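Remember, predicted model here, so these are calculated numbers, not experimental data.
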Amino acid sequence: MKILKFFKNKPLSFYLCLGTFVIGLVTTIIYMAYSLSVYGKINGGADTGNHFNALIFVMLLLGTLTCGLGVAKPGWKFAPVIPSLFFSAAFGYYINDRLIMFEEIVNQIYGMMESGAIFGMVILIFVLTLVCILALIVACFTGEKRFDKTENGRQAA
């Protein structure tokens, strides 16, 4: 019952930050598992290795962890801004990291620079990161809107 009382009378930004925390954690785990399994040429083709980029991983992880600010301080208006910056940076770095894969798909020269790359997984990571960013942007503008109901079914202000 204490858990239910914790979730009662929380603003919408609290739930958005909590959901973003869960989605961000899933995205970080998927990114780590996927990028460690893709093997190919890195550093402009000079070396070979996996495509795990520590900077992208750290940005995703920091974005996920800082979603706790919106959960711990739901009344603080700018709490969702910080994780949205981390997720945005991870999104941009990941686009930059995957450009070679898109070039291979467009030119139909699969496996020239990397092997084991799965286009669907890349798009999944893009979409999940973008969902996190959009949810946090919405959380920034929701204010103190709550989801508690009154006796006659109207939403309380």
Side-chain angles (χ1 to χ4, degrees), residues 1-40 42 50-105 114 116-157:
M1 293 306 276
K2 289 182 181 181
I3 293 175
L4 294 177
K5 288 181 181 180
F6 176 74
F7 287 107
K8 191 174 182 179
N9 295 328
K10 296 290 184 182
L12 179 59
S13 63
F14 170 83
Y15 296 109
L16 286 171
C17 288
L18 188 63
T20 304
F21 174 80
V22 172
I23 294 171
L25 187 62
V26 168
T27 305
T28 305
I29 292 169
I30 289 172
Y31 171 75
M32 184 178 65
Y34 168 73
S35 62
L36 286 172
S37 68
V38 176
Y39 189 80
I42 55 175
N50 61 25
H51 285 276
F52 180 77
N53 189 336
L55 182 61
I56 298 170
F57 177 75
V58 167
M59 290 293 142
L60 285 171
L61 190 62
L62 285 174
T64 301
L65 294 177
T66 55
C67 283
L69 288 174
V71 174
K73 302 273 188 187
W76 190 35
K77 189 175 184 177
F78 298 107
V81 172
I82 297 167
S84 67
L85 293 174
F86 285 126
F87 280 119
S88 297
F91 185 76
Y93 286 129
Y94 194 57
I95 286 175
N96 187 36
D97 188 51
R98 297 288 79 210
L99 280 178
I100 292 174
M101 180 181 180
F102 290 118
E103 291 172 5
E104 288 182 353
I105 290 171
E114 58 192 22
I118 303 170
F119 185 66
M121 291 299 292
V122 172
I123 297 300
L124 178 68
I125 294 169
F126 280 146
V127 168
L128 289 176
T129 307
L130 192 60
V131 165
C132 290
I133 294 167
L134 293 176
L136 289 167
I137 289 172
V138 169
C140 289
F141 293 103
T142 57
E144 290 295 317
K145 291 190 171 55
R146 298 181 189 277
F147 278 119
D148 48 342
K149 300 282 184 178
T150 60
E151 294 84 30
N152 57 5
R154 293 186 189 163
Q155 185 175 354

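Residues Leu69 and Phe78 have side chains not in contact (no heavy-atom distance under 4.5 Å, counting atoms from C-beta outward). Counting heavy atoms from C-beta on, the side chains of Phe86 and Thr64 never come closer than 4.5 Å. Side-chain atoms of Leu136 and Phe87, non-hydrogen and from C-beta on, do get closer than 4.5 Å to each other. Thr129 places none of its side-chain heavy atoms less than 4.5 Å from the side chain of Tyr94.
In this structure, CG in Leu18 is found 10.0 Å from CD1 in Ile23, a value given to the nearest 0.5 Å. We find the CE-CG distance between Met32 and Leu61 to be 9.5 Å, quoted to the nearest 0.5 Å. A distance of 10.0 Å separates CZ of Phe21 from OG1 of Thr66, quoted to the nearest 0.5 Å. Note that OH of Tyr31 is 5.5 Å distant from CG of Asp97, once rounded to the nearest 0.5 Å. With rounding to the nearest 0.5 angstrom, the CG atom of Leu60 is 10.0 Å from the CG atom of Asn53. Atom CG of Leu62 and atom OG1 of Thr28 lie 9.5 Å apart (nearest 0.5 Å).
Under the side-chain contact (heavy atoms from CB on, under 4.5 Å) test applied with Leu130, the options Leu134, Leu128, Val127 reduce to a single match, Leu134.
In terms of heavy atoms, Ile133 sits closest to Ser84 at CG1-O, 4.5 Å. Heavy atoms only, all atoms of each residue included: Ala139 and Ser13 are closest at O-CB, 3.6 Å.
Remark: Tyr93 OH is loosely packed, at most 12 non-hydrogen atoms of other residues, nucleotides or ligands lying under 6.0 Å away.
Phe52 and Phe57 have tilted rings, their planes meeting at an angle from 30° to 60° on a 0 to 90° scale.
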